[in-house]
Asks: 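Got a structure here, written out as structure tokens. Questions coming.
Heavy-atom basis, side chains included; hydrogens, waters and symmetry copies ignored.
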Amino acid sequence: MNKKYIIAAAFLILGAVNQSCSNDFIEVSPTESIPESNVDIYNSNEGASSFVTSIYAKFLDWNMSTFAWIGVTSIVSDDADKGSSPGDTGSDKDILDALNFTPSTPSFKELFASNYQGINRANQALKYIPMLDKADPELRKRLIGEAKFLRAFMYFTLVRSFGGVPLVDHVPVSGLEEDKKMTLTRKSKDEIYAFIEKDLKEAIEALPEKSTYTGNNVGRASVGAAHALLAKVYLYQKKWQLAVDECGKVTGYSLTPVFQDIYKVSGENNAESVFEINGSGGTAGRAIQQYSQVQGARGTTGWGWGFATPTQGLYDAYTADDTRRDATIIHRDMTLYDGYYVGPFVENKFYNYKAYSSNYRSSGATDVNIRYLRYAEVLLIKAEALNELGQTSDAIPLLNEVRKRANIAPTTATSQADVRAAIWKERRLELAFEHDRWFDLVRTGQAQAAMAADGGKKFIVGKHELFPLPQDFIMEAGGLSQQNPGY
């Protein structure tokens, strides 16, 4: 293969390869391996489902959900330090922590490539499922809705991270110049957001309620998840009324009475869960590869690598009576909910409790799920949007509903500005280590001040709002795509 085609092939064409799949997560072969004359081998309910199951499987991969993702969402923010040992850089986690990253920083290449690999799987599903006439029509409709939801989810990650990116809306045909240009040409941020909105609106028309999923299907995308994600997409674009409207359509959910219970195995996909990525532990499991291990306590009485350690600033942001603090942050000399004792000699002062697995503590394959959309966030999205619309009195009760579960008093804020600040702080405390903090800082304009308060780190306005596109991509694009400002 010519060198100039290596990046596009790795990012887009070969994205369907998944080394971590079990038999339940059937691999979808690259397009070239599925000539339409042979599609009949997938022409069944099981075959149709396998295309979409492979998209979910991508979220279990190391390059999608683990080290790079933890780095560019948690370590880069004021919620987490690099952690681990001082001499262990974690490839580039020290660079991310110091905001010294460049287009050659490896984590951005993984972030970019993994999401396009997942998008390619979604595009394959959307291409082939309509051809499978022996599969149940209602199942095919649902699967197409799931594929569009997941594709929108991945594009949302990309647009928040990089701004405008290539819009790959179908499986690229190898050797077709038009498709090569598609994979290498950035579209505007507005075009990407419009595409996300379209996918989610179409997913809403196809997806069922969460309650209809049973057995192995529990955790798949539902109509409630699509409404919630669309509300969040509108929030990021400051389309306040549309965000409020979508939040109102997220029905049938409720807050988990005890905050810590959300993050136990018993709390997976519970009444608060709108969408999460499911991992099951053990040798035969389908774990999010080493997600817990990377963030586990390091040293004596520890079990992990110790990366992404909560900052003192995050710990101090909680009041002592806030039940979320000791459910979010492990500290030295602490007995965990399952009776395990974290002694005084672990290497770092704090660790991420939300990544803790009681059943598979020291295993690379743990049963931790990543909670991406919860009903608490839906309440906070609606509260923020209402407040921005000038309906502050309607926003306050939603904010207080989240605070009440955390065992803290109702907010004393009454003005629009004060309520805005209170909601932003509540998002930090409620959603810590759920991969939103950096993006929240950027979209709300708090990043420069927050990073200065986090050890004097320098957030450069006009540059750091976006991550750099991978240098390999820019070189291969050959002028079709330009690097983000400042890099």
Side-chain angles (χ1 to χ4, degrees), residues 72-74 76-80 156-157 160 228-240 243-244 246-247 250 253 255-256 259 262-263 272-276 310-311 313-319 322-325 327-329 352-354 370-389 392 394-413 416-451 453-454 459 465:
V72 302
T73 55
S74 293
V76 74
S77 80
D78 60 343
D79 274 1
F156 187 46
T157 293
R160 290 191 295 170
L229 183 55
L230 185 54
K232 192 167 182 175
V233 167
Y234 286 143
L235 180 80
Y236 271 71
Q237 299 176 86
K238 299 183 179 181
K239 296 180 178 180
W240 307 121
V244 170
E246 290 303 314
C247 286
V250 183
Y253 299 88
L255 297 181
T256 303
F259 183 76
I262 299 168
Y263 306 97
E272 183 166 343
S273 172
V274 180
F275 182 68
E276 58 192 74
T311 60
L314 175 62
Y315 185 87
D316 293 343
Y318 293 97
T319 58
D322 191 328
T323 57
R324 294 173 299 195
R325 187 188 70 182
T328 300
I329 300 173
N352 177 8
Y353 208 163
K354 291 181 178 179
I370 302 179
R371 279 72 174 176
Y372 274 125
L373 289 168
R374 294 192 284 113
Y375 186 60
E377 184 178 12
V378 175
L379 295 174
L380 292 174
I381 290 171
K382 188 174 183 180
E384 184 173 344
L386 284 169
N387 187 56
E388 296 302 330
L389 289 168
T392 300
D394 292 328
I396 290 172
L398 300 172
L399 171 62
N400 284 335
E401 192 173 343
V402 177
R403 292 173 64 89
K404 181 179 180 181
R405 194 262 300 275
N407 194 41
I408 53 177
T411 184
T412 58
Q416 184 185 45
D418 288 347
V419 170
R420 178 185 297 123
I423 292 169
W424 288 351
K425 181 176 180 180
E426 208 65 35
R427 283 187 63 89
R428 183 187 192 186
L429 303 180
E430 179 72 23
L431 304 174
F433 293 99
E434 295 178 37
H435 305 287
D436 266 333
R437 177 60 177 171
W438 175 260
F439 301 122
D440 269 349
L441 288 174
V442 169
R443 75 173 178 85
T444 59
Q446 300 176 88
Q448 186 178 35
M451 299 315 295
D454 184 25
F459 179 96
E465 290 87 353

Asks: Salt bridge check, K232 against E246: does any charged N sit closer than 4.0 Å to a carboxylate O?
Replies: no

Asks: If you take all heavy atoms of A413 and A422, which pair is closest and at what distance?
Replies: CB-CB, 4.4 Å

Asks: Please tell me if the side chains of V378 and Y253 come closer than 4.5 Å, counting only heavy atoms from C-beta onward.
Replies: no

Asks: Salt bridge or not for R428 and D436, using N-O below 4.0 Å?
Replies: no

Asks: What are the two closest heavy atoms between V76 and V72, and how far apart are they?
Replies: CG1-O, 3.2 Å

Asks: Testing the basics here: between A228 and L373, what is the closest heavy-atom pair and its distance to 0.1 Å?
Replies: CB-CD1, 4.3 Å

Asks: Is there a side-chain contact between K404 and N400 in this structure, where contact means two heavy atoms from C-beta onward sitting under 4.5 Å apart?
Replies: no

Asks: Charged N to carboxylate O below 4.0 Å: is that the case for R324 and E426?
Replies: yes

Asks: Using a strict 4.0 Å threshold on nitrogen-to-oxygen distance, state whether E276 and R374 make a salt bridge.
Replies: no

Asks: Are the side chains of T328 and Y263 in touch, meaning some heavy atoms are under 4.5 Å apart?
Replies: no

Asks: Look at the side chain of Y318 and the backbone N and O of L429, then say whether any donor-acceptor pair between them is shorter than 3.5 Å.
Replies: yes

Asks: Go through the steps to decide whether T411 and R403 satisfy the test side chain to side chain contact (heavy atoms under 4.5 Å, CB included), and finish with yes or no.
Replies: CA-CA 8 Å; T411 184; R403 292 173 64 89; 4.1 Å; yes

Asks: Nearest 0.5 angstrom please: L235 CG to L230 CG, how far?
Replies: 11.5 Å

Asks: Nearest 0.5 Å, what's the CG-CG distance between L399 and N387?
Replies: 9.5 Å

Asks: How about T256 and R405: do any of their side-chain heavy atoms sit closer than 4.5 Å?
Replies: yes

Asks: So do L380 and L398 actually touch side chain to side chain, heavy atoms under 4.5 Å?
Replies: no

Asks: Using every non-hydrogen atom in the two residues, find where L314 and A432 come nearest and quote the distance to one decimal.
Replies: CD2-CB, 4.1 Å

Asks: Start with the C-alpha gap between S74 and D79, add the side-chain angles, then the distance that decides, and say whether side-chain hydrogen bond (donor to acceptor under 3.5 Å, both in side chains) holds.
Replies: CA-CA 6 Å; S74 293; D79 274 1; over 6 Å; no

Asks: For the residue pair F259 and T323, what are the closest heavy atoms and their distance?
Replies: CB-OG1, 4.4 Å

Asks: Does a salt bridge link E434 with K354, judged by any charged N lying under 4.0 Å from a carboxylate O?
Replies: yes

Asks: List the residues meeting ring pair (Phe, Tyr, Trp, His ring centres under 6.0 Å) with F156, not counting sequence neighbours, and say none if there are none.
Replies: Y236

Asks: Would you compute the distance between atom CD of E465 and atom CZ of F439 and round it to the nearest 0.5 angstrom?
Replies: 13.0 Å

Asks: Kindly indicate whether the side chain of R443, heavy atoms from C-beta on, has any atom under 4.5 Å from the side chain of R160.
Replies: no

Asks: Taking all heavy atoms of S77 and all of D454, pick out the closest pair and write down the distance.
Replies: O-OD2, 3.6 Å

Asks: Could you measure the distance from the CG atom of D316 to the CZ atom of R325? Nearest 0.5 Å is fine.
Replies: 9.0 Å

Asks: Between CG of D322 and CG of N407, what distance do you get to the nearest 0.5 Å?
Replies: 8.0 Å

Asks: Assess the residue pair W424 and D440 against the criterion (side chain to side chain contact (heavy atoms under 4.5 Å, CB included)); give the C-alpha distance rounded to whole Å, side-chain angles, the decisive distance to 0.1 Å, and a yes or no.
Replies: CA-CA 8 Å; W424 288 351; D440 269 349; over 6 Å; no

Asks: Is there side-chain contact between R371 and F275, with heavy atoms separated by less than 4.5 Å?
Replies: no

Asks: Using 0.5 Å steps for rounding, measure from the CD atom of E401 to the CG atom of L255.
Replies: 5.0 Å

Asks: Please test R420 against E388 for side chain to side chain contact (heavy atoms under 4.5 Å, CB included), starting from the C-alpha separation and ending with a verdict.
Replies: CA-CA 8 Å; R420 178 185 297 123; E388 296 302 330; 2.7 Å; yes

Asks: F459 vs Q446, test: side chain to side chain contact (heavy atoms under 4.5 Å, CB included). Steps then yes/no.
Replies: CA-CA 10 Å; F459 179 96; Q446 300 176 88; over 6 Å; no

Asks: Taking the side chain as C-beta and beyond, is there a heavy-atom pair between N352 and I329 under 4.5 Å?
Replies: no

